[in-house]
Protein chains: 2
Amino acid sequence: MSDRSRKGPLDTSGIDRIIGYRLRRAQAYVFQEFKTHFDPLGLTPADYSTLVLIGDNPGRRPSELAEALGIQRANFVPLVAGLEAREWLERRKSTSDGRSFSLHLTELGQQVRQRADQVQARFEQKCIAELGGEVGRDELLNLLGRFRG
Amino acid sequence: MSDRSRKGPLDTSGIDRIIGYRLRRAQAYVFQEFKTHFDPLGLTPADYSTLVLIGDNPGRRPSELAEALGIQRANFVPLVAGLEAREWLERRKSTSDGRSFSLHLTELGQQVRQRADQVQARFEQKCIAELGGEVGRDELLNLLGRFRG
DNA sequence: TATTGTTATACTCTATAACTATA
DNA sequence: TATAGTTATAGAGTATAACAATA
(Lines give C-alpha, C1' and ligand atoms only; values in the text may rest on other atoms or scores of the structure.)
Protein backbone atom coordinates (compact mmCIF):
# COMPACT_ATOMS: atom_id res chain seq x y z
CA MET A 1 0.00 0.00 0.00
CA SER A 2 1.67 3.22 -1.19
CA ASP A 3 1.39 5.94 1.41
CA ARG A 4 1.20 8.65 -1.22
CA SER A 5 -1.45 7.52 -3.67
CA ARG A 6 -4.34 7.06 -1.22
CA LYS A 7 -4.43 9.29 1.81
CA GLY A 8 -8.15 9.60 2.20
CA PRO A 9 -10.14 12.83 2.52
CA LEU A 10 -8.60 16.06 3.77
CA ASP A 11 -9.10 17.41 7.25
CA THR A 12 -11.19 20.55 6.73
CA SER A 13 -12.18 20.98 10.37
CA GLY A 14 -9.87 24.00 10.72
CA ILE A 15 -11.25 26.06 7.86
CA ASP A 16 -14.81 24.91 8.50
CA ARG A 17 -14.87 26.84 11.79
CA ILE A 18 -13.96 30.12 10.06
CA ILE A 19 -17.20 32.08 9.75
CA GLY A 20 -15.94 34.25 6.87
CA TYR A 21 -14.80 31.21 4.93
CA ARG A 22 -18.12 29.47 5.39
CA LEU A 23 -19.97 32.64 4.33
CA ARG A 24 -17.85 32.82 1.18
CA ARG A 25 -18.57 29.22 0.24
CA ALA A 26 -22.30 29.57 0.89
CA GLN A 27 -22.52 32.86 -1.00
CA ALA A 28 -20.61 31.44 -3.98
CA TYR A 29 -22.93 28.45 -4.10
CA VAL A 30 -26.16 30.46 -3.82
CA PHE A 31 -24.99 33.03 -6.39
CA GLN A 32 -24.10 30.29 -8.83
CA GLU A 33 -27.55 28.75 -8.42
CA PHE A 34 -29.13 32.18 -8.70
CA LYS A 35 -27.34 32.77 -11.98
CA THR A 36 -28.55 29.54 -13.55
CA HIS A 37 -32.11 30.46 -12.57
CA PHE A 38 -31.88 34.05 -13.85
CA ASP A 39 -29.77 33.47 -16.97
CA PRO A 40 -32.86 33.04 -19.21
CA LEU A 41 -34.06 36.48 -18.08
CA GLY A 42 -30.69 38.09 -18.73
CA LEU A 43 -30.54 39.34 -15.14
CA THR A 44 -27.50 39.32 -12.88
CA PRO A 45 -27.94 39.32 -9.09
CA ALA A 46 -27.08 43.03 -9.05
CA ASP A 47 -29.61 43.71 -11.83
CA TYR A 48 -32.36 41.98 -9.90
CA SER A 49 -31.74 43.63 -6.56
CA THR A 50 -31.61 47.02 -8.32
CA LEU A 51 -34.89 46.32 -10.10
CA VAL A 52 -36.57 45.36 -6.84
CA LEU A 53 -35.20 48.33 -4.91
CA ILE A 54 -36.21 50.88 -7.55
CA GLY A 55 -39.59 49.20 -8.00
CA ASP A 56 -40.25 49.51 -4.28
CA ASN A 57 -38.83 53.05 -4.12
CA PRO A 58 -39.75 54.96 -7.28
CA GLY A 59 -38.39 58.45 -7.69
CA ARG A 60 -35.23 58.07 -5.64
CA ARG A 61 -31.76 59.35 -6.48
CA PRO A 62 -28.92 57.05 -7.64
CA SER A 63 -26.73 57.82 -4.63
CA GLU A 64 -29.52 56.88 -2.21
CA LEU A 65 -30.07 53.57 -3.98
CA ALA A 66 -26.37 52.77 -4.29
CA GLU A 67 -25.89 53.34 -0.57
CA ALA A 68 -28.86 51.12 0.28
CA LEU A 69 -27.37 48.36 -1.89
CA GLY A 70 -23.96 48.72 -0.27
CA ILE A 71 -22.10 49.61 -3.46
CA GLN A 72 -20.14 52.69 -4.54
CA ARG A 73 -22.16 55.23 -6.48
CA ALA A 74 -19.45 55.10 -9.17
CA ASN A 75 -20.16 51.38 -9.65
CA PHE A 76 -23.88 52.01 -9.73
CA VAL A 77 -23.55 54.04 -12.94
CA PRO A 78 -22.97 51.17 -15.42
CA LEU A 79 -25.62 49.12 -13.63
CA VAL A 80 -28.25 51.80 -14.22
CA ALA A 81 -26.99 52.35 -17.78
CA GLY A 82 -27.53 48.69 -18.58
CA LEU A 83 -31.09 48.67 -17.25
CA GLU A 84 -31.83 51.94 -19.03
CA ALA A 85 -30.44 50.59 -22.33
CA ARG A 86 -32.95 47.74 -22.08
CA GLU A 87 -35.65 50.34 -21.37
CA TRP A 88 -36.48 48.84 -17.99
CA LEU A 89 -35.96 52.09 -16.12
CA GLU A 90 -35.90 55.78 -16.90
CA ARG A 91 -34.24 58.82 -15.38
CA ARG A 92 -36.28 61.95 -14.84
CA LYS A 93 -34.43 65.21 -14.33
CA SER A 94 -35.04 66.67 -10.92
CA THR A 95 -36.90 69.96 -10.97
CA SER A 96 -35.42 71.08 -7.68
CA ASP A 97 -31.78 70.02 -8.19
CA GLY A 98 -30.20 70.30 -11.61
CA ARG A 99 -27.38 67.92 -10.69
CA SER A 100 -29.65 65.03 -9.90
CA PHE A 101 -32.55 62.98 -11.23
CA SER A 102 -35.00 60.36 -10.06
CA LEU A 103 -35.20 56.71 -11.13
CA HIS A 104 -38.39 54.91 -12.08
CA LEU A 105 -39.20 51.51 -13.59
CA THR A 106 -40.86 51.70 -17.00
CA GLU A 107 -43.98 49.64 -17.77
CA LEU A 108 -41.69 47.08 -19.40
CA GLY A 109 -39.41 47.18 -16.37
CA GLN A 110 -42.32 46.42 -14.08
CA GLN A 111 -43.30 43.45 -16.24
CA VAL A 112 -39.74 42.15 -16.15
CA ARG A 113 -39.68 42.60 -12.40
CA GLN A 114 -42.88 40.60 -12.02
CA ARG A 115 -41.46 37.73 -14.03
CA ALA A 116 -38.20 37.94 -12.09
CA ASP A 117 -40.10 37.86 -8.81
CA GLN A 118 -41.71 34.60 -9.91
CA VAL A 119 -38.31 33.12 -10.72
CA GLN A 120 -37.02 34.38 -7.38
CA ALA A 121 -39.97 32.79 -5.56
CA ARG A 122 -39.15 29.43 -7.16
CA PHE A 123 -35.47 29.80 -6.34
CA GLU A 124 -36.31 30.85 -2.80
CA GLN A 125 -38.35 27.66 -2.38
CA LYS A 126 -35.32 25.64 -3.45
CA CYS A 127 -33.13 27.43 -0.91
CA ILE A 128 -35.74 27.01 1.81
CA ALA A 129 -35.89 23.30 1.10
CA GLU A 130 -32.10 23.05 1.43
CA LEU A 131 -32.29 24.96 4.70
CA GLY A 132 -34.81 22.46 6.06
CA GLY A 133 -37.93 24.62 5.83
CA GLU A 134 -39.06 28.17 6.43
CA VAL A 135 -37.92 28.12 10.03
CA GLY A 136 -34.37 27.55 8.84
CA ARG A 137 -34.63 30.38 6.32
CA ASP A 138 -36.00 32.79 8.91
CA GLU A 139 -33.30 31.80 11.37
CA LEU A 140 -30.58 32.30 8.74
CA LEU A 141 -31.81 35.76 7.76
CA ASN A 142 -32.12 36.64 11.43
CA LEU A 143 -28.53 35.60 12.14
CA LEU A 144 -27.14 37.35 9.06
CA GLY A 145 -28.96 40.50 10.11
CA ARG A 146 -27.08 40.59 13.38
CA PHE A 147 -23.90 41.54 11.56
CA ARG A 148 -23.46 45.27 11.16
CA GLY A 149 -26.61 45.78 13.26
CA MET B 1 -41.97 71.30 3.21
CA SER B 2 -40.40 70.26 -0.10
CA ASP B 3 -41.50 66.77 -1.11
CA ARG B 4 -38.18 65.94 -2.68
CA SER B 5 -35.60 66.85 -0.07
CA ARG B 6 -36.86 64.55 2.73
CA LYS B 7 -38.52 61.31 1.74
CA GLY B 8 -37.43 59.25 4.69
CA PRO B 9 -35.64 55.92 4.61
CA LEU B 10 -35.91 53.54 1.68
CA ASP B 11 -38.09 50.44 1.70
CA THR B 12 -35.59 47.58 1.66
CA SER B 13 -38.09 44.87 2.60
CA GLY B 14 -37.97 43.43 -0.94
CA ILE B 15 -34.22 42.90 -1.19
CA ASP B 16 -33.94 41.94 2.47
CA ARG B 17 -35.85 38.72 1.79
CA ILE B 18 -33.37 37.63 -0.93
CA ILE B 19 -31.10 35.04 0.67
CA GLY B 20 -28.28 35.53 -1.86
CA TYR B 21 -28.34 39.29 -1.34
CA ARG B 22 -28.22 38.93 2.43
CA LEU B 23 -25.35 36.44 2.14
CA ARG B 24 -23.43 38.90 -0.04
CA ARG B 25 -23.89 41.74 2.44
CA ALA B 26 -22.89 39.60 5.42
CA GLN B 27 -19.88 38.14 3.62
CA ALA B 28 -18.70 41.57 2.50
CA TYR B 29 -18.96 42.87 6.07
CA VAL B 30 -17.18 39.92 7.69
CA PHE B 31 -14.41 39.92 5.06
CA GLN B 32 -13.84 43.62 5.58
CA GLU B 33 -13.54 43.10 9.33
CA PHE B 34 -11.32 40.09 8.75
CA LYS B 35 -9.00 42.17 6.61
CA THR B 36 -8.59 44.90 9.21
CA HIS B 37 -7.70 42.24 11.79
CA PHE B 38 -5.25 40.41 9.50
CA ASP B 39 -3.68 43.39 7.76
CA PRO B 40 -0.86 43.67 10.34
CA LEU B 41 0.08 40.05 9.59
CA GLY B 42 0.03 40.62 5.83
CA LEU B 43 -2.48 37.82 5.39
CA THR B 44 -5.50 37.85 3.09
CA PRO B 45 -8.48 35.60 3.83
CA ALA B 46 -7.30 33.24 1.08
CA ASP B 47 -3.77 33.20 2.54
CA TYR B 48 -5.06 32.27 5.97
CA SER B 49 -7.40 29.50 4.87
CA THR B 50 -4.58 28.05 2.75
CA LEU B 51 -2.18 28.20 5.68
CA VAL B 52 -4.68 26.40 7.93
CA LEU B 53 -5.54 23.76 5.36
CA ILE B 54 -1.93 22.93 4.56
CA GLY B 55 -1.00 23.00 8.24
CA ASP B 56 -3.73 20.46 9.00
CA ASN B 57 -2.91 18.41 5.90
CA PRO B 58 0.85 18.36 5.31
CA GLY B 59 2.14 16.59 2.23
CA ARG B 60 -0.87 17.06 0.01
CA ARG B 61 -0.91 18.04 -3.66
CA PRO B 62 -1.95 21.52 -4.89
CA SER B 63 -4.94 20.19 -6.84
CA GLU B 64 -6.31 18.40 -3.77
CA LEU B 65 -6.02 21.56 -1.68
CA ALA B 66 -7.46 23.83 -4.35
CA GLU B 67 -10.49 21.58 -4.72
CA ALA B 68 -11.03 21.50 -0.94
CA LEU B 69 -10.92 25.30 -0.89
CA GLY B 70 -13.39 25.56 -3.75
CA ILE B 71 -11.03 27.43 -6.08
CA GLN B 72 -9.57 26.59 -9.51
CA ARG B 73 -6.15 24.97 -9.41
CA ALA B 74 -4.99 27.67 -11.87
CA ASN B 75 -5.87 30.33 -9.31
CA PHE B 76 -4.16 28.37 -6.55
CA VAL B 77 -0.78 28.81 -8.25
CA PRO B 78 -0.14 32.49 -7.42
CA LEU B 79 -1.50 31.92 -3.92
CA VAL B 80 1.07 29.20 -3.23
CA ALA B 81 3.78 31.26 -4.93
CA GLY B 82 3.11 34.14 -2.57
CA LEU B 83 3.33 31.96 0.55
CA GLU B 84 6.45 30.26 -0.79
CA ALA B 85 8.12 33.60 -1.53
CA ARG B 86 7.65 34.51 2.14
CA GLU B 87 9.13 31.11 3.03
CA TRP B 88 6.00 30.04 4.87
CA LEU B 89 5.61 26.84 2.85
CA GLU B 90 7.76 24.62 0.73
CA ARG B 91 7.17 22.24 -2.16
CA ARG B 92 8.78 18.82 -2.10
CA LYS B 93 9.00 16.96 -5.38
CA SER B 94 6.98 13.79 -5.31
CA THR B 95 9.03 10.62 -5.54
CA SER B 96 6.17 8.63 -7.02
CA ASP B 97 4.85 11.18 -9.54
CA GLY B 98 7.26 13.47 -11.38
CA ARG B 99 4.50 15.86 -12.36
CA SER B 100 3.49 16.67 -8.83
CA PHE B 101 4.81 17.67 -5.44
CA SER B 102 3.65 17.92 -1.87
CA LEU B 103 3.09 21.06 0.20
CA HIS B 104 4.32 21.58 3.76
CA LEU B 105 4.47 24.54 6.13
CA THR B 106 7.99 25.59 7.07
CA GLU B 107 8.91 26.20 10.70
CA LEU B 108 8.38 29.90 10.04
CA GLY B 109 5.06 29.13 8.38
CA GLN B 110 3.91 27.21 11.45
CA GLN B 111 4.84 30.15 13.67
CA VAL B 112 2.91 32.54 11.42
CA ARG B 113 -0.04 30.18 11.47
CA GLN B 114 0.00 30.10 15.27
CA ARG B 115 -0.03 33.87 15.47
CA ALA B 116 -2.76 34.00 12.82
CA ASP B 117 -4.84 31.48 14.77
CA GLN B 118 -4.69 33.78 17.77
CA VAL B 119 -5.86 36.73 15.68
CA GLN B 120 -8.59 34.52 14.25
CA ALA B 121 -9.69 33.46 17.73
CA ARG B 122 -10.05 37.11 18.74
CA PHE B 123 -11.92 37.93 15.56
CA GLU B 124 -14.13 34.88 16.04
CA GLN B 125 -15.06 36.14 19.51
CA LYS B 126 -16.09 39.44 17.99
CA CYS B 127 -18.29 37.66 15.44
CA ILE B 128 -19.77 35.40 18.11
CA ALA B 129 -20.65 38.44 20.17
CA GLU B 130 -22.41 40.01 17.19
CA LEU B 131 -24.29 36.76 16.63
CA GLY B 132 -25.51 36.80 20.21
CA GLY B 133 -23.30 34.06 21.59
CA GLU B 134 -21.92 30.66 20.68
CA VAL B 135 -25.36 29.22 20.12
CA GLY B 136 -25.90 31.75 17.33
CA ARG B 137 -22.53 30.95 15.78
CA ASP B 138 -23.18 27.21 15.85
CA GLU B 139 -26.63 27.70 14.38
CA LEU B 140 -25.24 29.90 11.60
CA LEU B 141 -22.53 27.40 10.64
CA ASN B 142 -25.11 24.63 10.77
CA LEU B 143 -27.46 26.49 8.43
CA LEU B 144 -24.68 27.46 6.00
CA GLY B 145 -23.58 23.84 5.90
CA ARG B 146 -26.98 22.76 4.61
CA PHE B 147 -26.24 24.39 1.27
CA ARG B 148 -24.52 22.08 -1.16
CA GLY B 149 -24.72 19.30 1.45
C1' DT C 1 -4.88 9.49 -23.86
C1' DA C 2 -5.24 11.54 -19.34
C1' DT C 3 -3.47 14.25 -15.56
C1' DT C 4 -0.41 17.88 -12.98
C1' DG C 5 1.10 22.21 -12.56
C1' DT C 6 1.36 26.20 -15.09
C1' DT C 7 0.63 30.31 -18.19
C1' DA C 8 -2.13 33.55 -20.38
C1' DT C 9 -6.23 35.82 -20.63
C1' DA C 10 -10.65 37.79 -19.90
C1' DC C 11 -14.49 39.06 -17.24
C1' DT C 12 -16.64 40.61 -13.06
C1' DC C 13 -16.61 43.11 -8.79
C1' DT C 14 -14.79 46.55 -6.11
C1' DA C 15 -12.21 50.84 -4.60
C1' DT C 16 -10.23 55.54 -5.43
C1' DA C 17 -9.29 59.82 -7.42
C1' DA C 18 -10.60 63.39 -10.21
C1' DC C 19 -13.61 65.81 -13.41
C1' DT C 20 -18.29 68.70 -14.59
C1' DA C 21 -22.13 70.94 -13.43
C1' DT C 22 -24.71 72.38 -10.32
C1' DA C 23 -25.76 73.97 -5.42
C1' DT D 1 -16.94 75.19 -0.71
C1' DA D 2 -19.62 71.13 -1.09
C1' DT D 3 -22.45 67.67 -3.50
C1' DA D 4 -24.40 64.53 -7.58
C1' DG D 5 -23.35 62.02 -11.26
C1' DT D 6 -19.77 60.51 -14.00
C1' DT D 7 -15.24 58.86 -15.94
C1' DA D 8 -11.08 56.46 -15.77
C1' DT D 9 -8.42 53.20 -13.73
C1' DA D 10 -6.41 49.76 -10.85
C1' DG D 11 -6.77 45.82 -7.98
C1' DA D 12 -8.87 41.65 -6.47
C1' DG D 13 -11.36 37.30 -7.48
C1' DT D 14 -12.78 34.02 -10.71
C1' DA D 15 -13.28 31.18 -15.06
C1' DT D 16 -11.43 28.94 -19.39
C1' DA D 17 -8.30 27.24 -22.73
C1' DA D 18 -4.05 25.53 -23.82
C1' DC D 19 0.73 24.10 -23.08
C1' DA D 20 4.88 20.97 -21.29
C1' DA D 21 6.12 17.23 -18.57
C1' DT D 22 4.76 13.03 -16.92
C1' DA D 23 1.69 9.12 -16.23
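Here is how names work: the chains are called A, B, and so on, in the same order as the sequence lines, proteins then strands, and each is numbered from 1.
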Side chains of [X] and [Y]: does their closest heavy-atom pair fall under 4.5 Å?
X: R137(A); Y: R17(B); value: yes
X: E90(B); Y: E84(B); value: no
X: L103(A); Y: L83(A); value: no
X: L23(B); Y: L144(B); value: yes

Would you check if the side chain of S100(B) reaches a backbone N or O of D97(B) as a donor-acceptor pair within less than 3.5 Å?
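Not confirmed, S100(B) side chain does not pair with D97(B) backbone.
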Which residue, E67(A), R61(A), R60(A), forms the side-chain contact (heavy atoms from CB on, under 4.5 Å) with S63(A)?
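For S63(A), the side-chain contact (heavy atoms from CB on, under 4.5 Å) test succeeds with only one of E67(A), R61(A), R60(A), which is R61(A).
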What are the bounds, 5' to 3', of the part of DNA chain C that sits under 4.0 Å from heavy atoms of chain A?
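First-to-last contact on DNA chain C, by the 4.0 Å heavy-atom rule, is dT14(C) to dA23(C).
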Once you round it to whole Å, what is the distance between [atom2] of [N] and [atom1] of [X]?
X: F76(B); N: dA15(D); atom1: CZ; atom2: C1'; result: 17 Å
X: Q32(A); N: dT14(D); atom1: CD; atom2: P; result: 12 Å
X: I71(B); N: dG13(D); atom1: CD1; atom2: P; result: 10 Å
X: R61(A); N: dT3(D); atom1: CZ; atom2: P; result: 12 Å

Which residue lies more 5' along DNA chain C, comparing R91(B) with P45(A) via nearest heavy atoms
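Upstream on the strand: R91(B).
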Closest-nucleotide mapping onto DNA chain C: is S100(B) or A46(A) further toward the 5' terminus? I mean the 5' end.
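It is S100(B) whose nearest nucleotide is closer to the 5' end.
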Between residues 62-69 of chain B and DNA chain C, which residues have a heavy-atom gap below 4.0 Å?
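Per residue number, the list reads P62(B), S63(B).
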Set of residues satisfying side-chain hydrogen bond (donor to acceptor under 3.5 Å, both in side chains) with respect to D47(B), sequence neighbours excluded:
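Only T44(B), R86(B) meet the side-chain hydrogen bond (donor to acceptor under 3.5 Å, both in side chains) criterion with D47(B).
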For the residue pair T106(B) and H104(B), confirm or rule out a side-chain donor-acceptor distance under 3.5 Å.
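The criterion, which ignores hydrogens and geometry beyond distance, is not satisfied for H104(B) and T106(B).
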Can you sort out the partners of F101(B) under ring-ring contact (aromatic ring centres under 6.0 Å, His included), two or more places apart, ordered by chain and number?
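Once residues adjacent in sequence are excluded, F101(B) has no partner under the ring-ring contact (aromatic ring centres under 6.0 Å, His included) criterion.
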Can you list everything that forms a side-chain contact (heavy atoms from CB on, under 4.5 Å) with R25(A)? Sequence neighbours excluded, please.
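Result, side-chain contact (heavy atoms from CB on, under 4.5 Å) vs R25(A): Y21(A).
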Measure the acute angle between the ring planes of F34(A) and F123(A), then classify it against the limits of 30° and 60° as parallel, tilted or perpendicular.
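It falls in the perpendicular class, over 60°.
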Polar pairs (N or O, both sides) under 3.5 Å between protein and nucleotides 16-23 of chain D?
| unit_1 | atom_1 | unit_2 | atom_2 | d |
| --- | --- | --- | --- | --- |
| dT22(D) | O3' | G98(B) | N | 3.3 |
| dA23(D) | OP1 | G98(B) | N | 2.6 |

